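For reference, the structure discussed in these notes is given below.
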Amino acid sequence: MTASRRYWLLKSEPDVFSFEDLLASRGKRTGWDGVRNYQARNFMRDDMQVGDGVLYYHSRSKTPSIVGLARVTRGGHPDPTQFEEGAKGFDGSSDPKDPRWFQVTIQGVEVLPQPLSLGDLKEEKSLADMALVQRGQRLSVQPVGAKEWRRVLQLGGIKGDPTGS
DNA sequence: GCCAACGTTGGC
DNA sequence: GCCAACGTTGGC
């Protein structure tokens with residue numbers, strides 16, 4: 001039996017790495033490196049699987065919004081930047097034989113025709129359970145329920161599910 | 001740029 | 001194991 005598909009929301013500051021940057025990357029793919037939070041690490045290491053759907057969220061922007069869809073193309077594997085001396089995410093105490101930090105690889109799929117601002121999302125009663133709209137929520141890798149996923153795609157002007165197989 | 005909320009660190 | 005101090009996130 002195959003594990004069922006899951007859904008996630010990934011935050012990125014557009015000044016650092018925007019959804020457009022993802023689409024402009026080779027194969028529209030990137031390693032989601034640099035995450036240094038244990039809860040987010042655990043999701044990537046233990047739960048994110050090839051084929052999972054991803055909502056791409058721009059944080060710390062003028063209008064923080066879900067702006068695009070992506071998919072997971074590689075599950076949890078060690079984040080190489082933890083071993084790169086001088087790199088921003090360098091962690092000298094991480095053992096290469098037992099790495100502390102993990103990443104996944106994602107691939108950009110489609111820009112949301114109708115981007116959904118945080119304000120929009122907060123007004124949407126059917127999305128009240130989303131982690132994103134909870135007060136004080138800072139987690140940069142969040143699980144998203146199947147119901148919320150479908151609703152976000154619908155509100156975002158997406159027909160069907162282009163991240164599905 | 002401010003600052004509230006949250007996560008991590010480290011002295012005790 | 002507590003908790004104050006510190007660092008970071010991210011909306012505003």
Side-chain angles (χ1 to χ4, degrees), chain A residues 6-25 30-48 52-72 75-106 108-145 147-149 151-157:
Chain A
R6 297 187 220 197
Y7 306 98
W8 307 94
L9 180 141
L10 299 186
K11 292 182 188 173
S12 184
E13 299 181 28
D15 291 347
V16 178
F17 193 81
S18 69
F19 190 65
E20 289 67 34
D21 293 330
L22 174 61
L23 293 178
S25 302
T30 194
W32 204 249
D33 59 23
V35 175
R36 297 293 180 267
N37 168 283
Y38 287 104
Q39 206 180 343
R41 188 270 320 257
N42 292 348
F43 283 134
M44 292 199 290
R45 186 189 61 188
D46 304 333
D47 299 320
M48 294 179 78
D52 285 0
V54 172
L55 301 175
Y56 200 103
Y57 178 79
H58 281 170
S59 63
R60 284 196 72 111
S61 64
K62 201 160 65 222
T63 307
S65 309
I66 298 174
V67 296
L69 301 181
R71 67 168 68 90
V72 175
H77 55 284
D79 174 348
T81 65
Q82 70 194 298
F83 303 121
E84 291 167 9
E85 221 156 324
K88 187 161 181 293
F90 176 67
D91 182 350
S93 65
S94 180
D95 177 357
K97 291 192 287 279
D98 184 19
R100 174 171 302 153
W101 303 111
F102 283 69
Q103 65 177 15
V104 295
T105 299
I106 65 167
V109 174
E110 192 169 326
V111 173
L112 274 201
Q114 177 69 58
L116 301 170
S117 72
L118 184 59
D120 295 338
L121 298 165
K122 282 181 170 167
E123 279 177 22
E124 186 58 36
K125 294 268 169 30
S126 59
L127 298 177
D129 289 339
M130 278 189 88
L132 188 70
V133 303
Q134 309 307 317
R135 183 165 177 276
Q137 180 56 261
R138 309 190 316 177
L139 199 57
S140 66
V141 177
Q142 307 177 352
V144 172
K147 219 173 45 178
E148 284 76 15
W149 171 264
R151 185 68 180 135
V152 165
L153 265 56
Q154 184 181 37
L155 292 169

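Remember, predicted model here, so these are calculated numbers, not experimental data. Chain A is the first sequence line, chain B the second, and so forth, proteins listed ahead of strands; every chain is numbered from 1.
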> Under 6.0 Å between the ring centres of A:Y38 and A:W101?
Replying inline: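 That pair passes the under 6.0 Å test.
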Using atom [atom1] of [X] as one end and atom [atom2] of [N] as the other, report the distance to the nearest whole Å.
X	N	atom1	atom2	answer
A:Q142	B:dC6	CD	C1'	14 Å
A:R138	B:dC6	CZ	P	8 Å
A:R41	B:dT8	CZ	P	10 Å
A:R36	C:dT8	CZ	C1'	14 Å
A:L139	B:dG7	CG	P	8 Å
A:D15	C:dT9	CG	C1'	15 Å
A:W101	B:dG7	CH2	P	13 Å
A:N37	C:dT9	CG	P	9 Å

> Between A:Y38 and B:dT9, is there a side-chain N or O to OP1/OP2 distance below 4.0 Å?
Replying inline: no
> Can a salt bridge be assigned to the pair A:R36 and A:D79 using a cut-off of 4.0 Å between side-chain N and carboxylate O?
Replying inline: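 Salt bridge flag = yes for A:D79 with A:R36.
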> Do you know which two heavy atoms are closest between A:T30 and A:F17, and how far apart they sit?
Replying inline: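 Minimum heavy-atom separation between A:T30 and A:F17: CG2-CE2, 3.9 Å.
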> What parts of residues 116-124 of chain A reach DNA chain C, counting only heavy atoms under 4.0 Å away?
Replying inline: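 A:L118, A:K122 - these, ordered by number, are the residues of the stretch whose heavy atoms sit under 4.0 Å from the strand.
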